[in-house]
Amino acid sequence: MATTLVLTLFTMALQAPLVLGGSVASDVSSPGIFDLSSSQWTLSNPAMGISIPASFPSYAHLDLYSSQVIGNPEYGLNDFNLRWIWKQNWTYTTTLADLSTGHDQTFLLFQGLDTFTTIELCGQHIAYTNNQFRQYYFNVTDVLAQCKGPLTLSLNFGSAPQITEEIAKQPGQTDWPTAVKGLFEIPHREFMRKEQNDFGWDWGPAFAPAGPWQPGFVVQLNRQQQVHPRNVLVDIYREGQRNNLIPDQGKPWIINASIDYIGEHIDNPSLHFVLRDSTNKTVADGTLINITSVPGIVTGSTTLPSDAVDLWWPVGMGPQTLYWLTVEMSDGNNNTVASVTRRVGFRTIVLNELPVPDEEIAIGVAPGNHWHFEINGHPFFAKGSNFIPPDVFWPRVTPQRIRSLFDAVVAGNQNMLRVWSSGAYSPDFMFEAADEMGILLWSEFEFGDTLYPVDKDYLDNVYEEAVYQVRRVNHHPSLAYWAGGNELENLELPTAKKAAPDDFPRILAEYEKLFLSTLFPAVFENSRSISYAPSSTSNGFISLNFTDAPYMQQRYNNLEPGHIYGETDYYHYESSVAFNNSAYPVGRFSNEFGYHSMPALQTWQEYVPESDLFFNSTSVIYRNRHYPPGSLNTTNYRNTSKGMAEMTIAAQRWYPTPDKTDSIANFSAWCWTTQVFQADYYGAQIQFYRRGSGLPQRTLGSLYWQLEDQWAAPTWAGIDRAGRWKILHYRARDLYSNVIISPFWNATTRELEVWITSDLWDKVHGTVNTQWYTWDGKEANVDGGNLLGQDVTVGVLNSTQVLATKLDEDVGDLVMRADVVMTGKLPNSDKNIEFQHTNWFHTVPLSQAKLVDPGLTLAYDEEEKLFTVKATSGVSAWTWLDAPAGAVVAFDDNGFWLGKGETKKLGYHVIQDDTGADWVKQVTIQSLWNNTLAD
């Protein structure tokens with residue numbers, strides 16, 4: 001028997017978001033700044049006889065590809081074929097011929113060098129760097145004065161895999177049990193401050209690239225231009241606010257501004273500010289007070305009345321109001337020596353991990369601790385996904401590419417992204433887009449799935465990295481949170497305790513030394529506005545102080561029976577229990593959950609040979625990194641075949657599986673079916689966590705793994721490498737609507753519950769209707785599960801049960817459909833907000849259902865730019881519109897269900913089109929019924 005709930009939600013926005021164009025004003029545009037990207041660069045490796053033109057910023061792989069020394073690194077099995085690149089050292093060289101003369105000081109300023117770099121200028125050694133995530137600057141005034149030949153700048157990048165291997169061999173080097181080393185492909189990533197997934201992960205390759213991955217500059221100063229701002233901190237918070245604690249929303253705003261500069265120390269500096277709105281109108285100006293000055297840093301603050309500015313809100317909760325803050329630094333003679341501008345927003349965002357108060361326990365919230373976010377004093381349900389590095393080579397990640405992804409995030413009804421650790425810190429343009437679009441960015445320091453050294457040099461390096469990154473991005477209102485790393489408390493520490501119980505006290509002390517005594521101070525010494533926790537996932541803290549290390553006392557597994565703490569993640573690859581609600585974790589927040597699926601055929605065609613377009617081909621199997629090989633051994637069939645089998649078994653267990661005569665069509669159908677399972681499975685969990693907002697666990701967050709891909713392979717992504725939305729992204733968008741209807745079925749007891757969930761900050765009212773159908777679209781009389789016009793009210797950020805029934809064994813092979821329409825006038829509002837959501841539910845796997853041909857028709861109206869889909873002869877499960885190769889299109893809806901006789905009109909957004917708009921004539925339509933057909 002099959003059952004389905006249908007809830008269609010129409011929402012009129014309360015207030016359109018304010019989107020501001022333009023970018024943050026540059027601090028490196030004055031005449032004394034020479035952009036190294038404008039110089040002519042060469043990439044060389046004398047041992048291999050390679051000397052080719054290079055770009056800046058860049059990576060060796062990209063320049064070798066650009067000069068056709070190698071093919072596309074992402075194509076086929078090139079990640080294996082090109083391992084020779086990361087085994088080599090690579091040198092970037094240029095001659096600085098255009099530098100002006102007559103300056104008192106000259107500096108080299110690098111925003112990012114990846115990773116082990118030796119810098120020479122005019123044949124003289126300047127410095128050695130070993131951290132991809134730090135900003136480096138060097139005074140080269142004396143070198144320039146002594147240089148007699150060409151002013152040659154040389155950046156030699158050592159092989160990170162080779163260097164980390166040598167570091168690991170050093171006498172007395174820290175070691176851990178093998179089980180906690182988190183080895184995906186290339187070993188020893190814990191010894192480097194480099195993007196961890198460059199050494200491999202379970203959704204991406206191990207290219208271990210090297211090169212100047214961020215911009216660089218030559219900075220020249222004289223008496224009239226004494227200093228250059230290299231970084232800026234702006235911290236906006238409520239008076240009296242401290243990290244991780246709930247601020248008083250009635251207090252005035254504090255603006256704390258700090259300029260990090262290079263150049264001569266400024267005696268008796270002063271700071272002046274001007275705050276302007278989006279129309280360039282001055283909102284406030286004046287002189288900052290409480291000035292402190294140490295070499296290279298000047299800091300001051302001011303107070304702003306609470307009503308002087310409008311609040312910034314995440315998307316769907318209010319407008320994204322932004323302001324321009326300019327801070328000028330003057331010397332003791334009142335000469336302006338530096339000026340910086342940052343775009344800012346006024347908001348408070350706090351991770352509430354405090355104990356559940358008695359008044360909440362009295363109304364049904366389980367005792368324990370909270371774990372949720374509050375924006376401007378309002379708890380909210382965080383709806384979103386996890387963001388991984390969107391490319392294996394960061395210099396290719398453009399603002400346009402990020403905005404395209406963020407368009408999909410907003411269209412997908414998501415308000416938060418967890419920017420996963422072990423990638424790279426988000427670039428400024430990513431935060432700028434998030435500020436404009438109202439997307440909260442949960443950010444993490446780059447540590448994950450292993451343990452790390454704690455020698456002084458390492459910790460000093462990490463501290464400088466963290467301070468730079470915190471100060472760089474703190475002014476962005478979209479910054480939601482800092483976490484120390486990924487899966488440390490819930491995975492690495494328990495694994496270490498089990499593997500080495502006698503050594504565990506040392507391991508725990510080292511963990512706290514890094515994540516509590518090093519990273520936490522880097523946050524709270526520079527910001528009062530952002531919360532910090534040492535690990536995602538965790539059970540939160542017991543106590544907090546700001547005076548003595550380790551500053552936070554973590555709860556770990558000190559749990560009281562009947563209490564609920566912290567956040568959860570969930571991965572279960574035994575698909576037989578995929579839809580068992582009792583298997584999902586009960587917690588305050590879900591930050592990771594998922595299952596892998598294949599990308600679309602059209603995406604595969606861009607990255608693998610046609611001869612390998614079948615499910616278990618060499619290319620497909622080798623590109624799959626689930627399960628990871630755990631070494632550099634290319635023969636990873638044993639591990640990856642497990643992941644391939646999981647997708648195959650899930651598809652066979654739950655859906656009719658394809659057996660088409662055309663091999664390419666069969667491959668495409670199998671890829672699509674794995675996406676159906678992924679979307680179905682995620683959908684069940686999203687509804688479970690959203691329902692939890694009205695249950696004792698008071699769940700207030702659902703972030704699935706993962707938003708996007710960095711290459712074409714079987715992964716957990718909802719958007720594949722080419723930008724095509726998988727079914728998951730459409731399904732999540734539907735279930736992240738503000739108000740949804742959700743069925744919960746217990747196959748063992750045959751009990752069915754129906755719930756309505758709302759994440760709005762006002763009550764909503766409406767009616768519920770359900771109806772049972774057979775697959776050919778006829779109404780069926782079923783004893784139980786019928787609701788006709790039942791009134792329902794859902795409280796603020798809550799869930800309400802509207803049905804609880806037990807179905808008989810002989811109900812048969814039916815489909816249940818529930819239409820829910822909610823209309824209501826929100827308090828203190830003159831706007832009616834209409835909600836309609838449709839959901840479907842089936843009591844037997846669709847692999848056993850007696851599907852019929854739904855008789856789908858598809859038409860396109862050229863004038864209205866709309867597709868019309870109709871099911872003429874039966875229920876259409878997982879209806880899918882597919883654009884041809886050469887076009888990447890996001891439809892208004894996809895992967896939906898239609899009842900017999902139902903029509904749906906769909907607009908679309910073109911992400912990429914190489915067909916000259918001819919794609920609209922080539923769109924095809926299918927449903928799960930097509931899996932039963934041979935052609």
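Atom set for the values below is all heavy atoms of this structure, side chains included, hydrogens, waters and symmetry mates excluded. The first residue of the sequence shown is numbered 1, and numbering continues consecutively from there.
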Participant: Any sub-3.5 Å donor-acceptor pair from Y237's side-chain atoms to S527's backbone N or O?
Facilitator: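 Side chain of Y237 to backbone of S527, a donor-acceptor pair under 3.5 Å: no, none is there.
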Participant: Using atom types as modelled and distance alone, determine if a side-chain donor or acceptor of Y261 lies under 3.5 Å from a backbone N or O of A338.
Facilitator: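 Absent.
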Participant: So which heavy atom on P209 is nearest to which on V392, and how close?
Facilitator: CG-O, 4.3 Å
Participant: So, H228 versus F107, ring centres under 6.0 angstrom or not?
Facilitator: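 So the answer is no for these two rings.
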Participant: If you take all heavy atoms of Y458 and Y452, which pair is closest and at what distance?
Facilitator: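 Scanning both residues, the minimum pair turns out to be OH-CD2, 3.3 Å.
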Participant: Whether the Q241 and T348 side chains hold a donor-acceptor pair (N or O, under 3.5 Å, no angle test) is what I'd like checked.
Facilitator: no
Participant: In a check of side-chain contact (heavy atoms from CB on, under 4.5 Å) between F56 and each of S38, P395, P212, which one passes?
Facilitator: P212
Participant: Holding to side-chain contact (heavy atoms from CB on, under 4.5 Å), I want the full list of residues that pass it with P53, two or more places apart in sequence or in another chain.
Facilitator: S67
Participant: Strictly by modelled atom types, are R403 and Q400 linked by a side-chain donor-acceptor pair under 3.5 Å?
Facilitator: no
Participant: For the residue pair N474 and R342, confirm or rule out a side-chain donor-acceptor distance under 3.5 Å.
Facilitator: no
Participant: Just one of E195, K194, Q214, M192 clears the side-chain contact (heavy atoms from CB on, under 4.5 Å) bar with D114, so which one?
Facilitator: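 It is K194, the one option of E195, K194, Q214, M192 that forms the side-chain contact (heavy atoms from CB on, under 4.5 Å) with D114.
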Participant: I'd like to check the salt bridge (charged side-chain N to carboxylate O under 4.0 Å, His left out) partners of R471; sequence neighbours left out, ordered by chain and number.
Facilitator: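 R471 satisfies salt bridge (charged side-chain N to carboxylate O under 4.0 Å, His left out) with D260 only.
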Participant: Going by heavy atoms in the side chains, are T115 and I163 under 4.5 Å from each other?
Facilitator: no
Participant: Any salt bridge (charged side-chain N to carboxylate O under 4.0 Å, His left out) pairs touching residues 287-306, not counting sequence neighbours?
Facilitator: none
Participant: Within the 4.5 Å heavy-atom criterion, are R134 and N461 side-chain neighbours or not?
Facilitator: yes
Participant: Checking S422 against N197: is there a side-chain donor and acceptor pair closer than 3.5 Å?
Facilitator: no
Participant: Could you pull out all residues at least two apart from T547 that satisfy side-chain contact (heavy atoms from CB on, under 4.5 Å)?
Facilitator: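 Expected list: N545.
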Participant: Is the backbone of T141 close enough, under 3.5 Å, to the side chain of N139 for a donor and an acceptor to pair up by distance?
Facilitator: yes
Participant: Flag the pair W482 / Y532 as yes when their ring centroid distance falls below 6.0 Å, and as no otherwise.
Facilitator: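 Not under 6.0 Å, so no.
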Participant: How long is the straight-line distance from CZ of R347 back to CE of M317, given to the nearest 0.5 Å?
Facilitator: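 Between M317 CE and R347 CZ, I get 13.0 Å after rounding to 0.5 Å.
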Participant: Does atom OH of Y137 have more than 12 heavy-atom neighbours, drawn from other residues, nucleotides or ligands, at distances under 6.0 Å?
Facilitator: no
Participant: Can you sort out the partners of T292 under side-chain contact (heavy atoms from CB on, under 4.5 Å), two or more places apart, ordered by chain and number?
Facilitator: T299
Participant: Show me, pair by pair, the donor-acceptor contacts under 3.5 angstrom made by side chains of residues 514-525, not counting sequence neighbours?
Facilitator:
| residue | atom | partner | partner atom | Å |
| --- | --- | --- | --- | --- |
| T518 | OG1 | K513 | O | 2.8 |
| E525 | OE1 | Y463 | OH | 2.5 |

Participant: Restricting to non-hydrogen atoms, name the atom on S426 and the atom on F431 that form the minimum distance, rounded to 0.1 Å.
Facilitator: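 Heavy-atom minimum between the residues: CB-CE1, 3.5 Å.
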Participant: So, for P295 and H265, which heavy atoms are closest and what is the spacing to 0.1 Å?
Facilitator: CA-ND1, 3.7 Å
Participant: Using only atom types and a distance under 3.5 Å, with no angle test, would you say the side chain of D435 pairs donor to acceptor with the backbone of S478?
Facilitator: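 It does hold such a pair.
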Participant: Nearest 0.5 Å please: distance from the CH2 atom of W90 over to the OG1 atom of T117.
Facilitator: 15.5 Å
Participant: Only one of Q469, E465, E444 passes side chain to side chain donor-acceptor pair (under 3.5 Å) with Y425; say which it is.
Facilitator: E465
Participant: To the nearest 0.5 angstrom, please state how far the OG atom of S301 sits from the CG atom of N290.
Facilitator: 4.0 Å
Participant: Answer yes or no: is there a donor N or O on one side and an acceptor on the other, between the side chain of D248 and the main chain of E239, under 3.5 Å?
Facilitator: no
Participant: Which pair of heavy atoms, one from W253 and one from P305, lies closest together, and at what distance?
Facilitator: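 Smallest heavy-atom distance, with atoms named: CD1-O, 4.0 Å.
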Participant: Could you pull out the closest heavy-atom pair between G423 and E446, with the gap in Å?
Facilitator: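 Smallest heavy-atom distance, with atoms named: N-OE1, 2.8 Å.
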Participant: Would you sort out whether W312 and H476 count as a side-chain contact (heavy atoms from CB on, under 4.5 Å), showing the intermediate values?
Facilitator: CA-CA 10 Å; W312 182 94; H476 291 287; over 6 Å; no
Participant: Report yes if some heavy atom in the side chain of R418 is under 4.5 Å from a heavy atom in the side chain of N486; otherwise report no.
Facilitator: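 Result yes, sub-4.5 Å side-chain heavy-atom pair found.
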Participant: Under a 4.0 Å N-O cut-off, is there an ion pair linking D460 with K456?
Facilitator: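 Result for this pair is yes, salt bridge flagged.
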Participant: Distance under 6.0 Å and angle within 45° of the ring axis: does R238 meet both against F346?
Facilitator: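 Judged by the rule (NZ or CZ under 6.0 Å from the ring centre, within 45° of its axis), R238 is not positioned above F346.
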Participant: Can a side-chain donor-acceptor contact be found between T93 and T91 if the only test is distance below 3.5 angstrom?
Facilitator: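 No, no side-chain donor-acceptor contact under 3.5 Å.
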Participant: Looking at CZ of F34 and CD of Q220, how far apart are the two atoms once the value is rounded to the nearest 0.5 Å?
Facilitator: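 Answer for the CZ-CD pair, F34 versus Q220, is 9.5 Å.
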Participant: Hey, what do you get for CZ (R230) to CD1 (I297), rounding to the nearest 0.5 Å?
Facilitator: 6.5 Å
Participant: Once you round to the nearest 0.5 Å, how far does NE2 of H475 lie from OG1 of T341?
Facilitator: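 Spacing of NE2 (H475) from OG1 (T341) equals 10.5 Å.
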Participant: Can you check whether Y59 and W213 have ring centres sitting under 6.0 Å from each other?
Facilitator: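 Ring centres of W213 and Y59 not closer than 6.0 Å.
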Participant: Please answer whether the main-chain N or O of A60 pairs with a side-chain N or O of Y92 as donor and acceptor at a distance below 3.5 Å.
Facilitator: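 Yes.
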